[in-house]
Amino acid sequence: MEDLFKRLVSHAKEYGFIYPSSEIYDGLNGVYDYGPLGAALKNNIKTYWWKAMVQMHENIVGLDSAIFMHPKIWKASGHVDAFNDPLVDNKDSKKRYRADVLIEGEIDKMLAKADKEVDKAAKRFGETFNAQFFRETNPRVLEYTQRAATTEKRLAEAMKAGDMADLGAMLAELEIADPDTGSRNWTDVRQFNLMFSTQMSNIAGDDGKLYLRPETAQGIFVNFLNVQKTTRQKLPFGIAQIGKAFRNEIVARQFIFRMREFEQMEMQFFIRPGTEMEWYTYWKEKRMAWHRAVTPAEKLRFKDHDNLAHYANAAVDIQFEFPFGFKELEGIHSRTDFDLSSHQELSGKKLQYFDPELSENYVPYVVETSVGCDRMFLSVMSNALIEEQVPGSDEEGNTREVLKLHPALAPVKCAILPLKANNDEIVAKAKAIYNKLRFHFECQYDDTASIGKLYRRQDAVGTPYCITVDFDTLENDTVTLRERDSMQQQRVSINELAALIGNNVDMAHLLAKIY
RNA sequence: GCGGGCAUAGCUCAGAUGGUAGAGCGUCAGCUUCCCAAGCUGAAAGUCGCGAGUUCGAAUCUCGUUGCCCGCUCCA
């Protein structure tokens, strides 16, 4: 398993699918570049998704919103508050905590001590006890409550100012220990924010602060009314978008599986409230069918979320069995009206739909499907890379590396190869065929090695078809057409090539499996 | 972020005890070859991740740093 992963990473680099970013400067942690073949494969994946979602649904339309958005959007979406954590590690237990949570816990302890004093006094004084008076006058209780109040105030100020040093100082002064082990050996408190920020204009200060979007979804939500009105869509309808998103993950790991810069393929489906489970089920099935059209069913599974995010009332992942285990590939969420309502509130603009059937206005509910494009790329690659005994050969050790990509996703559809590179007529004929076929799909011409080696090269990058031009071609205008996986050949007339290959590499077959 | 491991040619890796680098595959040029790698001749390619230090001398020893892998943690 691990071995496959290692092979995949080096294969991806060796054949120009994926390179480590900034490699000549020692790399950049968790960032990768797509090489020529990688870019082609990724584009094909995006096309497959776009066609399945937009082209195949008359009620789904596309969008390409900007990465920069008004900072209030991330306030409304909950990202500013939910992902702005002061983190601290305990050096002994190796456990990580939120510093504010630890301090709040300490405040609770102080208040609990005060309550205990009050309880003790109540028992002592019996029915004549005036609890409020006791709280206001008893020195011990006052000490506890005042300390709690001071701490709370200081915590609030430090959090507001983002003063990590003071949070650290508080941990020390209050002698707060690791709840698990009692150790007080803390690292510095560090602010962790999921979102990258940058500056718009050359004016410094908070006013120009912008975030790089941590999800593409919000670009869809804030354009909901624009799109609905300009496309005359009626509910239910969807908006699809492919684009980069950025998350400052604590650790970026596992090759392109978790990157800080990544690409999402998202669709938000707007529906009448109360119909969300129906659509949630619909999209669950549709999205799984999309995956199964290119990936064996046994490598895919659903995984329900145990903990729902702040915006969702149902959520499921489609997981793929990566070389390092079953991991999330796509998420399907019932997002309720959380986002639209939140934007409506913060922007003061109505984000409602008039339902002619019900004769009423409402904020639509949303079901989201969101695939990681890079994860899809990784799943497709790890599923395709195979080292096998050459079919039809029983010679020991005669193996080949072959990328069994679906023909519709393969970066190169067809290679045109002359059987003999030193025969001018054959070479000229092969080049003529190449020049003809390149109008129809991605082709490569190669005559720099023996025919067997040329086949292997194409196998390694997943080219589904190889055309070989031989002496018979010069006589009767036919060539051999070799299929990658079976390595079987058939004699085909040159005139038929474009249609025959084109038909097999077309996305129509894939789409037909889903719809 | 912590702990462990690793870093030598495009890829996979050799290079006890310090004496300034090799192989296989791949690539390129030519020969050969009428359908599936490993035939012949030749060639290019590495400041041994980077930076300090020890030493007459460091791929090799020490420290630091960066990147990758694994575990923990984290993961709208």
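Chain letters run A, B, ... following the sequence lines, proteins first, then strands; residues in each count from 1.
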Residue pair [X] / [Y], side-chain donor-acceptor N/O under 3.5 Å:
X      : Y      : answer
A:Q319 : A:R301 : yes
A:Y465 : A:N504 : yes
A:S486 : A:E483 : yes
A:D339 : A:S342 : no

With a cut-off of under 6.0 Å to the ring centre and 45° to the axis, is [X] in cation-pi contact with [Y]?
X      : Y      : value
A:R213 : A:F68  : no
A:R260 : A:F246 : no
A:R287 : A:W290 : yes
A:R375 : A:F320 : no
A:K13  : A:Y19  : no

Pairwise [atom1] distance for [N] and [M], with rounding to whole Å:
N     : M     : atom1 : result
B:A21 : B:C25 : P     : 23 Å
B:C28 : B:U47 : C1'   : 24 Å
B:A23 : B:G46 : P     : 15 Å
B:C68 : B:G26 : C1'   : 23 Å
B:A7  : B:C61 : P     : 11 Å
B:C48 : B:A14 : C1'   : 13 Å
B:C2  : B:A37 : C1'   : 47 Å
B:U8  : B:G49 : C1'   : 10 Å

#### Entry: Watson-Crick and G-U pairing of RNA chain B written in dot-bracket, each distance under 3.5 angstrom, with | for inter-strand partners
(((((((..((((.....[..)))).(((((.......))))).....(((((..]....))))))))))))....

Nearest whole angstrom, please: distance from the [atom2] of [N] to the [atom1] of [X].
X      : N     : atom1 : atom2 : value
A:E387 : B:U12 : CD    : C1'   : 12 Å
A:R7   : B:C13 : CZ    : P     : 12 Å
A:F262 : B:C75 : CZ    : C1'   : 11 Å
A:L8   : B:C69 : CG    : C1'   : 14 Å
A:D33  : B:G67 : CG    : C1'   : 14 Å
A:R253 : B:G4  : CZ    : P     : 14 Å
A:D446 : B:G26 : CG    : C1'   : 14 Å
A:R260 : B:C75 : CZ    : C1'   : 12 Å

### Task
Run the salt-bridge test on A:R400 and A:E387 with the 4.0 Å N-O cut-off and return the result as yes or no.
no

#### Entry: SB check A:K404 A:E388 (cutoff 4.0 Å)
yes

### Query
So, is A:R457 close to the B:U27 phosphate, meaning a side-chain N or O under 4.0 Å from OP1 or OP2?
yes

### Query
With respect to the phosphate group of B:C11, does any side-chain polar atom (N or O) of A:K13 fall under 4.0 Å of OP1 or OP2?
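True: A:K13 side-chain N/O within range (under 4.0 Å) of B:C11 OP1/OP2.
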
What is the nucleic acid contact for [X], judged by heavy atoms within less than 4.0 Å: base, sugar-phosphate only, or nothing?
X      : value
A:F257 : nothing
A:G30  : sugar-phosphate
A:E368 : nothing
A:F255 : sugar-phosphate

### Message
Which label fits A:F5 and A:F255: parallel for a plane angle under 30°, tilted from 30 to 60°, or perpendicular past 60°?
### Response
perpendicular

### Task
Tell me, with the steps shown, if A:Y15 and A:F17 meet ring-ring contact (aromatic ring centres under 6.0 Å, His included).
CA-CA 6 Å; A:Y15 290 94; A:F17 286 90; 7.4 Å; no

### Task
List in chain and number order the residues that pass side-chain contact (heavy atoms from CB on, under 4.5 Å) with A:A40, two or more places apart in sequence or in another chain; answer none if no residue qualifies.
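Listed in chain order: A:P411.
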
### Message
Going by the rule side-chain contact (heavy atoms from CB on, under 4.5 Å), which residues pair with A:S21 if we only count those two or more places apart in sequence or in a different chain?
### Response
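side-chain contact (heavy atoms from CB on, under 4.5 Å) list for A:S21, sorted by chain: A:L28, A:V31, A:D33.
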
### Summary
Testing B:C70, B:G10, B:C68 for proximity to the side chain of A:Q254, the answer is B:C70

For nucleotides 5-7 of chain B, tabulate all protein N/O to nucleotide N/O atom pairs closer than 3.5 Å, reporting atom names and distance.
none

### Summary
Closest to the 5' end of RNA chain B, once A:Y25 and A:E266 are matched to their nearest nucleotides, is A:Y25

### Summary
The glycosidic conformation of B:A7, counting syn as within 90° of 0 and anti otherwise, is anti

Measure all distances between protein nitrogen or oxygen atoms and nitrogen or oxygen atoms of nucleotides 43-53 of chain B, and list the pairs falling under 3.5 Å.
| residue | atom | partner | partner atom | Å |
| --- | --- | --- | --- | --- |
| B:G49 | O2' | A:D26 | OD1 | 3.2 |

### Task
Check A:E266, A:E261, A:E263 against A:K244 for a salt bridge (Lys or Arg N to Asp or Glu O under 4.0 Å) and give me the one that passes.
A:E261

#### Entry: Footprint string (nucleotides 31-36 of chain B, 5' to 3'): B base within contact, S backbone only, - free, heavy atoms under 4.0 Å
-S-BBB

